[in-house]
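Quick note on labels: first sequence line is chain A, next is B, and so on, each numbered from 1.
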Amino acid sequence: MKKLYSNKLVILSLVLPGLLLFVFAILAPICLSVYYGFTDYSGMGSYSVTGFENYRELMHDTAFWTSLRNSLFLAIGFICIQHPLAIVVAAVLDKLGGRGENFFRCVYFIPNVISVAVIAYLWKFIYNPDFGLLNNIIKAFGGKGDVNWFSTDTAIWAVLIVLIWHGFGWGMLIYYTGIKNIDQVLYEAAAIDGADQKTTFFRITLPLMKPVIQVNVTMAVISALKQMETVYLLTNGGPGNSTQFAANYLYQQAFKAFRYGYGNAIGVVFIVICLAATVILNKVFEDRDERKVRRLSGRREEKAA
Amino acid sequence: MKKRLLAALLTGVMVVTMAAGCSSNNKESGGNSAGGSDTVTLKVFSNLPDRKTGQGLVEQMIIDEYMKENENVTIEVEALDEEAYKTKFKAYSMEGMPDVVSIWGQPAFLDEVVDAGVLAELNQEDYTDYKFIEGSLNGFTYDDKLYGLPRNTDVACIYYNQKMFEDNKWEIPKDYNELLSLAEKINAKGVIPMAMDGGDGWPMAIYLTDILFQLTGTESADIISKAISEGDFTDENLVKATELLKESADAKLFQKGYDSQDYGTAMNLFTNGQAAMFYTGSWEASMALNEDIPEEVRENIRVFTMPAVDGGKAAATDITAWNGGGYGVSAKSEVKDEAVKFLNYMYQPDKLSKYGWENGVGMSAQDQSEYMTGEETDLMKQIVDIVNHATSVSGTPINDCGPSVFKTSIESEIQSVSNGSTSVQDFLDTIGSACK
């Protein structure tokens with residue numbers, strides 16, 4: 001068997017399908033996107049190469065910058081609201097045990113199982129200023145209940161709440177799995193040493209969850225940048241461009257405004273931003289780990305000396 | 001030996017997998033001839049996904065009849081709603097368009113499509129006996145060549161609930177100021193004055209066209225055309241029309257959150273009796289026949305057109321109307337003759353026009369007078385009356401007059417200018433630069 005795996009033909013046959021898939025489904029479209037980004041292609045008929053014209057225009061396109069700002073806003077929302085909540089809920093669920101644990105795990109994951117289209121329309125009705133659930137609740141408590149949740153000033157918050165709520169279950173489930181993989185012996189040792197719940201969470205759970213947090217946060221940031229379908233169905237970027245997100249704006253330009261070339265230029269900038277975000281996040285997490293390792297080994301060396 | 005056999009097997013599997021992935025389904029590729037040489041498969045790509053009511057039903061009825069009369073022809077329909085339709089239309093234009101397609105006779109759509117060579121030229125002389133209304137083919141003509149046929153005559157309408165008006169002693173406004181004071185009275189009763197689909201942008205763009213037409217009369221088309229060609233929207237009438245739109249939103253003429261609500265939500269507000277008026281087009285005349293709408297609303301739906309604007313040049317009988325949607329044939333269709341034959345069959349005066357009339361889907365682009373039975377709904381009679389007494393029509397709404405970049409821009413920015421988050425000047429500057 002060992003000899004079989006050293007046969008280059010076998011190695012090639014095993015690697016080639018994946019390689020071809022990567023080349024034709026990812027690399028080639030990216031290369032084509034880069035190429036079309038330099039053209040004025042409308043998506044139909046002929047086109048001409050316009051050099052960096054699309055990129056020059058992009059630099060002055062306020063709608064694009066608004067959409068990018070909203071995407072980053074969402075990423076911050078994910079990191080600062082969704083994920084801390086998801087870790088805490090996962091830790092509490094882990095301690096809950098029994099039927100309650102299974103029940104709440106399912107309940108929190110339900111929004112992820114429901115189709116995005118259903119979610120979007122559900123929230124559209126919840127937010128509706130004339131007959132929506134939210135305004136009716138306000139009325140029930142004696143308020144006026146005539147809030148326009150999708151007004152230019154508040155629409156972005158309304159959209160963020162839906163997106164954070166929708167992705168919460170997924171983040172929580174990954175954290176929950178991570179917590180379950182932590183060796184129980186550590187918790188027992190901590191208990192013997194007299195550590196309370198809070199100390200256990202901050203000193204054992206959180207540090208050991210770092211690899212999971214790293215993966216989860218990176219995924220969250222990328223998904224915030226890629227956000228399209230919920231926003232498209234919920235507000236389609238409106239009113240005006242107040243809830244415009246980068247991926248939705250790309251779609252609008254490429255397919256509605258017949259500006260395929262410009263859409264591709266947005267796509268290229270988008271890929272660069274996504275890659276940069278991934279690299280930065282990896283650096284942030286990696287550096288801390290490395291720093292810690294370096295510090296520890298330094299201390300050990302001092303002690304040895 | 002065993003090792004080589006296993007290696008050969010793995011390589012074989014890989015080749016088969018790749019071949020399967022790369023192969024195309026030859027049986028499906030043409031789709032135009034299946035079986036015998038006489039058998040023809042026509043692919044119809046439509047923007048009417050509802051095949052049970054309204055225009056979709058009419059289209060399906062004709063398709064079924066055509067297949068019945070031509071047993072060798074099979075018609076496959078793919079129907080998507082408008083936005084999804086336009087996206088897929090573009091995808092099809094790259095890899096092969098279905099044979100008969102829905103199109104729009106407006107520069108925002110047709111110019112790019114014709115330039116890309118997607119549509120086949122039609123023989124204008126074929127249609128001399130088809131009773132098309134004078135000028136209705138203009139939007140589908142590009143460089144004096146005909147590329148499609150119009151399906152409807154669309155009229156911008158303000159539908160209202162007659163019973164609600166009578167019960168509250170509200171009068172149909174004679175001018176725009178009366179409309180705004182009516183809005184105040186209706187709001188005071190806790191009812192929404194006018195349901196507006198502001199989320200999509202295009203109904204408000206039609207509304208803007210409507211106001212502009214009332215302000216400038218027959219000059220409006222020239223004003224729009226000049227503004228778009230020069231990318232300059234500083235014309236005082238355009239400024240005034242936009243200010244009036246904003247003033248209307250400020251006066252709470254539209255429902256709260258109108259700028260983010262979609263067509264269905266706006267329509268439901270009206271059909272559920274929560275709104276006294278609904279701004280849309282004559283294509284919704286079938287509301288009077290729709291049994292899903294509560295009877296007390298359904299039977300009381302009436303219509304009026306945009307009231308006169310102070311100092312406006314339009315007469316009370318001048319209306320905002322245009323010929324928008326229609327059909328064309330793919331230039332690369334392998335069964336072009338059959339596709340044109342089917343298209344011509346659809347447009348025989350006793351087909352699309354007659355069935356459309358009978359199903360209350362609004363005004364056709366062909367003369368329908370001979371199909372009037374006198375038993376049409378009051379709403380239909382009113383719309384016919386409005387069209388028959390029209391002294392002039394506006395033509396294509398402003399959002400469809402320019403390139404699609406302009407269309408996307410105005411439909412997005414109009415929400416911001418109406419709700420006050422963008423100034424009138426900034427709005428006009430932005431849509432102007434989209435034309436350059």
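Interface summary for chain B: among A/Ser151, A/Gly240, A/Ser242, A/Gly237, the most heavy-atom pairs under 4.5 angstrom belong to A/Gly240. Chosen from B/Ser418, B/Ala91, B/Ser404, B/Ala116, the residue pairing most often with chain A at heavy-atom distances under 4.5 Å is B/Ser404. Of all the listed residues (B/Ile414, B/Thr430, B/Asp262), the one sharing the greatest number of non-hydrogen pairs under 4.5 Å with chain A is B/Asp262. Of the listed residues (A/Lys124, A/Gln253, A/Lys256), the one with the most heavy-atom contacts under 4.5 Å to chain B is A/Lys256. Note: A/Gly43 leads A/Ser46, A/Gly238, A/Ala254, A/Gly43 in heavy-atom pairs under 4.5 Å with chain B.
Looking at A/Tyr127, neither its backbone nor its side chain comes within 4.5 Å of chain B, counting heavy atoms on both sides. Contacts between A/Ala155 and chain B at a heavy-atom distance below 4.5 Å are absent for every atom of the residue. Only the side chain of B/Gln261 comes within contact range of chain A, judged by heavy atoms closer than 4.5 Å. With a 4.5 Å cut-off on non-hydrogen atoms, B/Glu112 touches chain A through its backbone and its side chain both. Of the two parts of B/Asp259, the backbone and the side chain both hold a non-hydrogen atom closer than 4.5 Å to a non-hydrogen atom of chain A. Of the two parts of B/Val118, only the side chain, counted from C-beta on, holds a non-hydrogen atom closer than 4.5 Å to a non-hydrogen atom of chain A. For B/Thr408, the part lying under 4.5 angstrom from a heavy atom of chain A is the side chain only. Neither the backbone nor the side chain of A/Asp153 comes within less than 4.5 Å of any heavy atom in chain B. A/Phe24 does not touch chain B: none of its heavy atoms, backbone or side chain, sits under 4.5 Å away. Only the side chain of A/Tyr121 comes within contact range of chain B, judged by heavy atoms closer than 4.5 Å. If you measure heavy-atom distances from B/Ser421 to chain A, the contacts under 4.5 Å come from the side chain alone. Using a 4.5 Å cut-off between heavy atoms, B/Thr265 contacts chain A through its side chain alone, with no backbone atom that close. Residue contact with chain A, scored on non-hydrogen atoms closer than 4.5 Å, involves the side chain of B/Leu269 exclusively.
Between B/Lys88 and B/Glu78 there is a salt bridge, with a side-chain nitrogen of the basic residue lying less than 4.0 Å from a carboxylate oxygen of the acidic one. We find that B/Glu243 and B/Lys246 are not joined by a salt bridge, their nearest charged nitrogen and carboxylate oxygen being 4.0 Å or further apart. Here A/Asp130 does not pair with B/Lys256 in a salt bridge; the nearest charged N to carboxylate O distance is not below 4.0 Å. Of the charged side-chain nitrogens involved, none lies within less than 4.0 Å of a carboxylate oxygen, so that A/Lys139 and A/Asp146 do not count as a salt-bridged pair. Here B/Lys145 does not pair with B/Asp143 in a salt bridge; the nearest charged N to carboxylate O distance is not below 4.0 Å.
A 4.5 Å side-chain heavy-atom check between B/Tyr85 and B/Phe45 finds at least one atom pair inside the cut-off.
Contact detail for B/Gly139 and B/Leu110: the closest heavy-atom pair is O-CD2, 3.3 Å.
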* To do: List the steps and the verdict of salt bridge (charged side-chain N to carboxylate O under 4.0 Å, His left out) for A/Arg259 and A/Asp40.
  => CA-CA 7 Å; A/Arg259 302 187 74 199; A/Asp40 61 357; over 6 Å; no
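Under the 6.0 Å distance and 45° angle rule, B/Lys86 counts as a cation-pi partner of B/Trp104.
A centroid separation of less than 6.0 Å is found between the aromatic rings of A/Tyr41 and A/Tyr260.
Using modelled atom types and a 3.5 Å distance limit, the side chains of B/Gln255 and B/Gln274 yield no donor-acceptor pair.
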